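A short write-up of the structure that comes next.
Because the structure is a prediction, the values reported are computed rather than measured.
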Amino acid sequence: RLHTTMGKDGYSEEAVRKVLAYALPKAESAHVVLVIETMGAYADTADDAPNAALYSTVDLTIAGTGALNVTGNAFDGIVSKDGLVLAAGDVTVNAVDEGIKGKDYLVLAGGRYNVTAGDDGVKSTNDEDENRGWLSVYGGELTVSSGDDAVKAETLLTVHGGTVKVSESVEGMEAAPAIAECPIYL
């Protein structure tokens, strides 16, 4: 289990690269905690990133009261090859391909997320297991501008709370089925 906290002075870009490149692939789960009055930024190099600026092969949780800017110059912004929980924080993602992707599931529980993506904005992609590939919004604020689908789930998409705003997309929300229990702004 990896628990990373960005302190008041933050981490150097080299330290962030080492954590992302070496520790995440070997951990069982990872937690990125954003501390108030801090701002972390990481941009992939367009040459050596796996397929995202913030990439994890295990379950990933992003939480805390700080801010994080993620720029996917080559591919995606934030990717977890397992599950992804967005619990808190002020996160901005700009990516040439997909913005935020959790393969098995993606949960938005709180925080503010502004996503600009050349392809899909926010999605869960597991189409091999009928109990995976779902996306649920329970709270927080999600604003998406995308070149294709803004919010997409392979299996089930539910919005129980929070705010989802789509400023630009080909399809606002896509899933079979999609259930919304609160307002969605398309």
Side-chain angles (χ1 to χ4, degrees), residues 20 32 34 39-46 49-56 60-63 67-128 132-186:
L20 298 178
V32 177
L34 308 172
M39 182 175 205
Y42 179 74
D44 67 44
T45 63
N51 77 343
L54 177 54
Y55 179 84
S56 174
L60 176 64
T61 300
I62 297 176
L68 178 66
N69 291 321
V70 178
T71 303
N73 292 323
F75 298 108
D76 302 339
I78 299 172
V79 170
S80 172
K81 298 304 265 181
D82 282 342
L84 177 57
V85 176
L86 306 172
D90 187 353
V91 178
T92 300
V93 177
N94 292 291
V96 297
D97 196 14
E98 295 167 346
I100 299 175
K101 180 169 54 175
K103 181 178 179 182
D104 289 343
Y105 59 85
L106 196 151
V107 175
L108 175 60
R112 275 191 350 201
Y113 300 85
N114 293 299
V115 180
T116 303
D119 193 18
D120 295 334
V122 178
K123 68 192 258 181
S124 183
T125 61
N126 191 328
D127 61 358
E128 297 171 2
R132 304 286 185 175
W134 53 268
L135 191 154
S136 290
V137 179
Y138 293 101
E141 298 175 24
L142 174 63
T143 302
V144 181
S145 175
S146 67
D148 196 4
D149 301 322
V151 181
K152 180 178 182 178
E154 282 297 327
T155 57
L156 175 65
L157 171 60
T158 57
V159 180
H160 301 284
T163 304
V164 178
K165 295 179 183 176
V166 177
S167 60
E168 183 177 344
S169 71
V170 174
E171 293 183 75
M173 301 181 87
E174 181 182 345
I179 301 168
E181 298 173 353
C182 64
I184 297 171
Y185 305 94
L186 301 175

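- For the residue pair Gly77 and Ala52, the shortest heavy atom distance occurs at O-CB, 3.7 Å.
- For the residue pair Glu128 and Asn126, the shortest heavy atom distance occurs at N-OD1, 2.9 Å.
- The shortest distance between side-chain heavy atoms of Val122 and Leu135 falls below 4.5 Å.
- Nearest heavy atoms, Ala53 versus Thr71: CB-O, 3.4 Å.
- A 4.5 Å side-chain heavy-atom check between Ile78 and Val91 finds at least one atom pair inside the cut-off.
- The structure places CG of Leu142 at 8.5 Å from CG of Asn114, a figure rounded to the nearest 0.5 Å.
- In plain terms, the two heavy atoms of Gly147 and Val170 that are nearest each other are O-CG2, 3.1 Å.
- Between Leu156 and Ala175 the shortest heavy-atom distance is C-CB, 4.5 Å.
- Side-chain contact check for Glu98 versus Phe75: every heavy-atom pair is 4.5 Å or farther apart.
- Residues Leu86 and Tyr113 form a side-chain contact, since some pair of their non-hydrogen atoms from C-beta on lies under 4.5 Å apart.
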Apply side chain to side chain contact (heavy atoms under 4.5 Å, CB included) to Asn73 and Val96, showing your working. CA-CA 6 Å; Asn73 292 323; Val96 297; 5.7 Å; no
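- From Arg132, atom CZ reaches atom CG of Asp104 across 4.5 Å, with rounding to the nearest 0.5 Å.
- Using a 4.5 Å heavy-atom threshold, the side chains of Leu106 and Ile100 count as touching.
- Judged purely by atom type and a 3.5 angstrom limit, Ser80 uses its side chain to pair as donor or acceptor with the backbone of Asp82.
- Annotation: side chain of Ile62 is in contact with side chain of Leu54 (closest heavy-atom distance under 4.5 Å).
- Under the 4.5 Å side-chain criterion, counting only non-hydrogen atoms from C-beta, Asp119 is not in contact with Asp76.
- In this structure, Val151 and Leu157 have side chains that are in contact, with non-hydrogen atoms separated by less than 4.5 Å.
- Within the structure, every pair that satisfies the side-chain hydrogen bond (donor to acceptor under 3.5 Å, both in side chains) test and touches residues 137-158, not counting sequence neighbours, is listed here: Ser136-Thr158, Thr158-His160.
- Across all non-hydrogen atoms, the minimal contact from Ala63 to Ala87 is CB-CB, 3.9 Å.
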